[in-house]
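Worth saying up front: this structure is predicted, and the values here are computed from it rather than measured. Numbers restart at 1 for each chain; the letters A, B, ... are given by sequence-line order, proteins then strands.
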Protein chains: 2
Amino acid sequence: MARRVDHSPDELKAMILDSAEELVVAGGVSELSARKVAQKIGYAPGTIYNLYANIDALILTLNGRTLERLHDHLSKTRLDDVREFGAVNRNLEKLLIGYLNFIDGNRSLWRLLFDHMPANEEDLPEWYDQRVSMLLSVIDQALRPLFSGIDSKELRRLSVTLWASLHGIISLADKKKLNVVINQSSYEVCSLLITTFLNGLKGHKNFRGTAK
Amino acid sequence: MARRVDHSPDELKAMILDSAEELVVAGGVSELSARKVAQKIGYAPGTIYNLYANIDALILTLNGRTLERLHDHLSKTRLDDVREFGAVNRNLEKLLIGYLNFIDGNRSLWRLLFDHMPANEEDLPEWYDQRVSMLLSVIDQALRPLFSGIDSKELRRLSVTLWASLHGIISLADKKKLNVVINQSSYEVCSLLITTFLNGLKGHKNFRGTAK
DNA sequence: TTGAATTTTGAACGGTGTTCATTATTTTGA
DNA sequence: TCAAAATAATGAACACCGTTCAAAATTCAA
């Protein structure tokens, strides 16, 4: 058996990726396996390993795409012009709702993105970090109007803090390790965090007064 | 083969649990398997299933114990008497440090506790929720001095919000999906969240003035 | 046309969770 | 005392998993 000319390497790589995604979307993370992907594209299991070093490498590529889609999704959020403090809160709520909608429509891919732990403990590739960074820049934009003369690193520090906090609430709720204790949706808890966090930022040295 | 009289069912159940923990502690979550546990206690794999319905049930029991230990560990934190606002912040920092120390000394068990997703999507048993609740009550105690006449449900709502947020920061950092973007330890990010969150609570309707 | 390069295979290895008929032992009852 | 019932433990079997790699099939270059 050899070059079947059916597909170029790049095509094949894309087919594998698409099939992997279809499996995850259709049946959850546990449905993803090399053998199932191979069967889906009509190749032998070994072929997968000619194009991806291992399953984790395939998942990493898939997660990169999910990250990109999430960014595109959030970027579409129309943020209001900020004339007063409350507008920042409303903008962040819009982003939150966008995020929750994305999760609703892509639950399995989202779980794969954040819960999967690669067996190999190496650092993530640079392109991956860049996509995470793009995501965080969306929050940067929403927070920036609150400050004047703030260092971009300091702004990012705040965005990361808020982002990771919201992520914690949503992912604990998703794992049902939160819902039972408090009879509230993750939206409400996130909303409370946003409001409290923003209010707390009033103590920040670069915080700008209310108007314009 | 039959009743070897070596161990009573309860003893055997405890041996299985202890062996499972040893495996996780020694080699991480991926080292835990029915066959390895069986080998460790000198029984056949099938025996495990006479005492635990499946591996997830075993993990749930183990996680319950970890939860209990975490609670015991945090309970030992000596909280300062609160005479002013800053004392609450210091107390929460103490709890944070206690939590981070616990993770440092029990990383694999902690990962099993929060990252493991049981295959069966049923709700967690009541005793499990109770232990989570006990954990949250520790945070309740630290936050309570800030308020007067606050409903216990409302206080718990705030504790959950803070707890889940801190968890998000720490778990993202643990998965290395945070460290690369921001060059800071999870301690520092958590610390920032605590300070900002507490500052934000000043807007709460039950917030009590600074003194006493 | 022939030899080198490339692509694909699929069996094999060592694992996994789980089941359950069978067997060995102990306990019970007459 | 002895057979029958209850119990405890087994381990082979089933259906999976990720991964490897010698071998085979095909294409390309000379």
Student: What nitrogen or oxygen pairs link the protein and nucleotides 13-15 of chain C at under 3.5 Å?
Tutor:
none

Student: List for me each residue that meets salt bridge (charged side-chain N to carboxylate O under 4.0 Å, His left out) alongside B:D72, sequence neighbours excluded, and say none if there are none.
Tutor: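 Once residues adjacent in sequence are excluded, B:D72 has no partner under the salt bridge (charged side-chain N to carboxylate O under 4.0 Å, His left out) criterion.
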Student: How long is the line joining CD1 of B:I16 and P of D:dA8, in whole Å?
Tutor: 13 Å
Student: State which residues pass salt bridge (charged side-chain N to carboxylate O under 4.0 Å, His left out) with A:D151; sequence neighbours excluded, sorted by chain then number.
Tutor: none
Student: Write down the distance between CG (B:L23) and P (C:dT16), rounded to a whole number of angstrom.
Tutor: 10 Å
Student: Using the ring-ring contact (aromatic ring centres under 6.0 Å, His included) criterion, which residues pair with A:H167? Sequence neighbours excluded.
Tutor: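 For A:H167 the ring-ring contact (aromatic ring centres under 6.0 Å, His included) partners, ignoring immediate neighbours, are A:F114.
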Student: The criterion is side chain to side chain contact (heavy atoms under 4.5 Å, CB included); which residues satisfy it with B:A142, sequence neighbours excluded?
Tutor: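 B:A142: side chain to side chain contact (heavy atoms under 4.5 Å, CB included) contacts with B:L79, B:L92, B:L95.
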Student: Identify, residue by residue, the members of residues 44-62 of chain B with a heavy atom below 4.0 Å from DNA chain C, and return them in order of residue number, or none.
Tutor: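 B:Y49, B:N54, B:I55, in order of number.
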Student: Look through every strand shown and name the nucleotide pairing with C:dA30 as Watson-Crick or G-U wobble, where both distances are under 3.5 Å.
Tutor: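 Because both required distances fall under 3.5 Å, C:dA30 counts as paired with D:dT1.
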Student: Decide whether B:Q130 and B:S133 meet the rule of one side-chain donor and one side-chain acceptor closer than 3.5 Å.
Tutor: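 No, no side-chain donor-acceptor contact under 3.5 Å.
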Student: What is the distance from OH of A:Y43 to P of C:dT9, rounded to the nearest Å?
Tutor: 7 Å
Student: Rounded to the nearest angstrom, tell me the gap between atom CD in B:E31 and atom C1' in C:dT16.
Tutor: 12 Å
Student: How close or far is atom P of C:dG17 from atom CD of B:Q39, stated in whole angstroms?
Tutor: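 My rounded result for the distance is 13 Å.
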Student: A:R90: what forms a side chain to side chain contact (heavy atoms under 4.5 Å, CB included) with it, not counting sequence neighbours?
Tutor: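 So A:R90 forms a side chain to side chain contact (heavy atoms under 4.5 Å, CB included) with A:D80, A:E84, A:A87.
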Student: Please state how far atom NE2 in B:H116 lies from atom C1' in C:dT16, giving the value in whole angstrom units.
Tutor: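 After rounding, the gap between these two atoms is 14 Å.
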Student: For A:S108, enumerate each residue passing the side chain to side chain contact (heavy atoms under 4.5 Å, CB included) test, keeping only those at least two apart in sequence or located in another chain.
Tutor: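 Partners of A:S108 under the side chain to side chain contact (heavy atoms under 4.5 Å, CB included) test: A:V24.
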Student: In this structure, how many angstroms lie between the P atom of C:dT7 and the CG atom of A:D10, rounded?
Tutor: 11 Å
Student: Can you tell me how the ring of A:Y43 sits relative to the ring of A:H7, calling it parallel under 30°, perpendicular over 60° and tilted otherwise?
Tutor: tilted
Student: From the list D:dA9, C:dT18, D:dG18, which nucleotide is the closest neighbour of the side chain of B:L12?
Tutor: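 The nucleotide sitting nearest to the side chain is D:dA9.
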Student: Got a sec, which residues hit ring-ring contact (aromatic ring centres under 6.0 Å, His included) with A:F102, two or more places apart in sequence or on another chain?
Tutor: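 Partners of A:F102 under the ring-ring contact (aromatic ring centres under 6.0 Å, His included) test: A:H73.
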